[in-house]
Amino acid sequence: MTDSLKDWRRTHYSREVKPEMNSPKVTLMGWIHEIRDLGGIIFLLLRDRDGITQITAPSKKVSAKLFEEIRSLRKESVVAVEGTVQESPQAPGGVEIIPQRILLLNTSHQPLPLDPTEKVRAEIDTRLDSRFLDLRKHSVNSIFKIKSRMLHSVRVFLENQEFIEINTPKLVASATEGGTELFPITYFEREAFLGQSPQLYKQMMMATSLDKVYEIAPIFRAEEHDTLRHLNEAISIDVEVAFADQKDVMTLLENLVANAIKDVKEHCREELDTLGMDLDVPETPFPRVDYAEVVDLVNSKGVNLHYGDDLSRAAEKALGEIMDSYYFITNWPSEIKPFYVMPNRKNPKISHAFDLMYRDLEISSGAMRVHLHDLLVERIKGKGLNPDSFNRYLAAFQYGMPPHAGWGLGAERFTMCLTGAKNVRETVLFPRDRRRLTP
RNA sequence: GCCCUGGUGGUGUAGGGGCUAUCAUGUGGGCCUGUCGAGCCCACGACUCGGGUUCAAAUCCCGGCCAGGGCGCCA
């Protein structure tokens, strides 16, 4: 039998319960983390959003009825405890609650599918199957508190610079952008696709008075990649700025990244400690490494990389051994960058594209874009694509498209940098990968 | 998609032709008034599925499914 909540309400969270508290009567609500029944005294550990408080029930100090109620509790049951705060040198944190009344709000089946106290670790697959329980672990929910703070920081940073938040469609008609595989879906009587990137939409905004925009939204890629760095659904932080070139948006990006790291370091101290992370705020500007120099560096490490190739995994790893923080790779060959990337006027074989790396991990790529209609058509054809299928996009370039630049930053990959997660799945509540579609 | 490795109680594991299938944690019960990875006692609970080899398969072989790692793919 469970109790109803009635007019009980939480007065404090665990982290607010301090030995020196001057309001001795409190109501805490949470889960039973541990039970230590010593016979004449029972210790309950009550866990809530970011802390654990010891509830101490000595048989001499609580009623016999309450004592039996406490004795019958099971791990992970949901309870509300009303009691008095007691300073106690023997208690964890020097403070404990002597209970007066307890509500059992809900029970938990036993045994649990994994151990929230982390005495026995569980594999990622087991954890993701029971993600709701996994997320009760402080080491797991800390990742999402940090991710949330990072996104908050990014929004504040961009809003302060008068960026406008936009929302572009995720249901799209065309698979003709080339490159990555798309997820096909049924759109009434037609076929449609899940959007792989807001790229073309945010560029079209450059031809409007919404000429500094950002979007934080999911992107979908139907690649069969099966690695620790790839997801089939991810969050992209996309930015596009008119009347700007790649240098402007690189400055914007590095300041945004450094600012987010500083902000997380300041506001998520406890979560970072839990994860054993000691974040260094990188100095700006970040180093710029020319693509041609990257090729030389990688080859000097004994990894074969030809000029004109995209970075292989081995090349990224070799680079990561040389560069130990954030850095840009610039002046990429036009050949291996998308059609909308602006080639260098003097040497069109080189483009105004850049990647932002953290050690061996690519976290962002961006560029100055092609804003000239005829050049864009030429570039689309050059990539073996049909300009006709880009009509609605290309039209925006015929009626006054300013020069512009932008980038997309992978929210999960950036979160990996902030939390030390080795597997990108750790940074998504319910990851979608090659095999996983539930929960 | 390719390569490698694996699948043993709820969880994490040991074992690797014949064992009562190991250990920890857990769960259920008992003892214990200062635990804090509490302790002690008792009990419970497992060999991924299908086929094959063999007197005998959790163990060897083949196939499926699932998972982990590496790579590729990732405009």
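Letters A, B, ... mirror the listed sequences (proteins, then strands); counts begin at 1. Quantities reported herein were computed from a predicted structural model and do not represent experimental measurements.
- Distance A:Leu114 CG to B:rU25 C1': 13 Å, rounded to the nearest Å.
- For A:Glu224, the salt bridge (charged side-chain N to carboxylate O under 4.0 Å, His left out) test picks out A:Arg434, with sequence neighbours left out.
- In this structure, A:Arg359 does not pair ionically with A:Asp324, as no charged nitrogen and carboxylate oxygen lie closer than 4.0 Å.
- Partners of A:Phe414 according to the ring-ring contact (aromatic ring centres under 6.0 Å, His included) rule, which considers only residues two or more places apart in sequence or in another chain, do not exist here.
- Within the 4.0 Å cut-off from OP1 or OP2 of B:rA67, at least one side-chain nitrogen or oxygen of A:Arg435 is found.
- Side-chain N/O atoms of A:Asn331 and A:Asp290 include a donor and acceptor closer than 3.5 Å.
- Ring pair A:Phe339/A:Phe390 is perpendicular by interplanar angle, where above 60° counts as perpendicular and below 30° as parallel.
- In the model, A:His230 has no side-chain atom that pairs as donor or acceptor with a side-chain atom of A:Glu412 under 3.5 Å.
- At a cut-off of 3.5 angstrom, the base of B:rU35 holds at least one donor-acceptor pair with the side chain of A:Gln54.
- Base engagement by A:Thr227 is indicated by at least one non-hydrogen atom pair under 4.0 Å involving a base atom.
- For B:rG10 and B:rC60, the C1' atoms lie 31 Å apart once the distance is rounded to whole Å.
- Under 3.5 Å, the side chains of A:Lys170 and A:Thr168 contain a donor-acceptor pair of N or O atoms.
- Counting to the nearest Å, the P atom of B:rG72 and the CD atom of A:Glu181 are 17 Å from each other.
- To the nearest whole angstrom, the two C1' atoms, one in B:rC61 and one in B:rA67, are 22 Å apart.
- Using a 4.0 Å heavy-atom criterion, one finds that A:Ile42 contacts no nucleic acid atom at all.
- Side-chain polar atoms of A:Glu271 and A:Ser142 form no donor-acceptor pair below 3.5 angstrom.
- At a cut-off of 3.5 angstrom, the base of B:rG1 holds no donor-acceptor pair with the side chain of A:Glu223.
- Checking A:Gln90 against A:Ser88 by side-chain atom types alone, a donor-acceptor pair falls below 3.5 Å.
- Scanning RNA chain B for stems, defined as runs of 3 or more consecutive Watson-Crick or G-U wobble pairs whose donor-acceptor distances all fall under 3.5 Å, gives the following ranges: B:1-7 with B:65-71, B:10-12 with B:23-25, B:26-31 with B:39-44, B:48-52 with B:60-64.
- Residue A:Lys317 is classed as a sugar-phosphate contact, given heavy-atom separations below 4.0 Å to backbone atoms only.
- The residue A:Ala91 sits close to a base: some heavy atom pair falls under 4.0 Å.
- Counting distance only, with no hydrogens placed and no angle test, the side-chain atoms of A:His225 and the base atoms of B:rC74 include no donor-acceptor pair under 3.5 Å.
- If you measure from atom CZ of A:Arg121 to atom P of B:rG12, you get 8 Å, rounded to the nearest angstrom.
- Put simply, the side chain of A:Gln199 and the base of B:rA75 share no donor and acceptor less than 3.5 Å apart.
- Side chain to side chain, A:Glu118 and A:Ser139 meet the donor-acceptor criterion of an N or O pair below 3.5 Å.
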>> Can you build the contact string for nucleotides 27-33 of chain B? Use B for base contact, S for sugar-phosphate-only contact, and - for no protein heavy atom under 4.0 Å.
In response: SSS--BB
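- Backbone-only engagement by A:Arg434 is indicated by non-hydrogen atom pairs under 4.0 Å involving sugar-phosphate atoms exclusively.
- Donor-acceptor pairing under 3.5 Å is recorded for the side chains of A:Thr53 and A:Ser14.
- Among the heavy atoms of the strands, none lies under 4.0 Å from A:Leu45.
- Contact between the side-chain N/O atoms of A:Thr126 and the OP1/OP2 oxygens of B:rG12 is found at a separation under 4.0 Å.
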>> Can you build the contact string for nucleotides 40-46 of chain B? Use B for base contact, S for sugar-phosphate-only contact, and - for no protein heavy atom under 4.0 Å.
In response: -------
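- Listed pair A:Arg436 / B:rA67 fails the phosphate criterion, with no side-chain N or O lying under 4.0 Å from OP1 or OP2.
- In this structure, A:Glu316 reaches neither bases nor backbone, as no heavy-atom distance under 4.0 Å exists between it and the strands shown.
- Across all strands, A:Pro113 comes closer than 4.0 Å only to sugar-phosphate atoms, never to a base (heavy-atom distances).
- Residues A:Phe163 and A:Val239 are in side-chain contact: their nearest non-hydrogen atoms beyond the backbone lie under 4.5 Å apart.
- Residue contacts shown for A:Glu118 are absent, as no nucleic acid heavy atom lies under 4.0 Å away.
- Partners of A:Glu16 according to the salt bridge (charged side-chain N to carboxylate O under 4.0 Å, His left out) rule, which considers only residues two or more places apart in sequence or in another chain, do not exist here.
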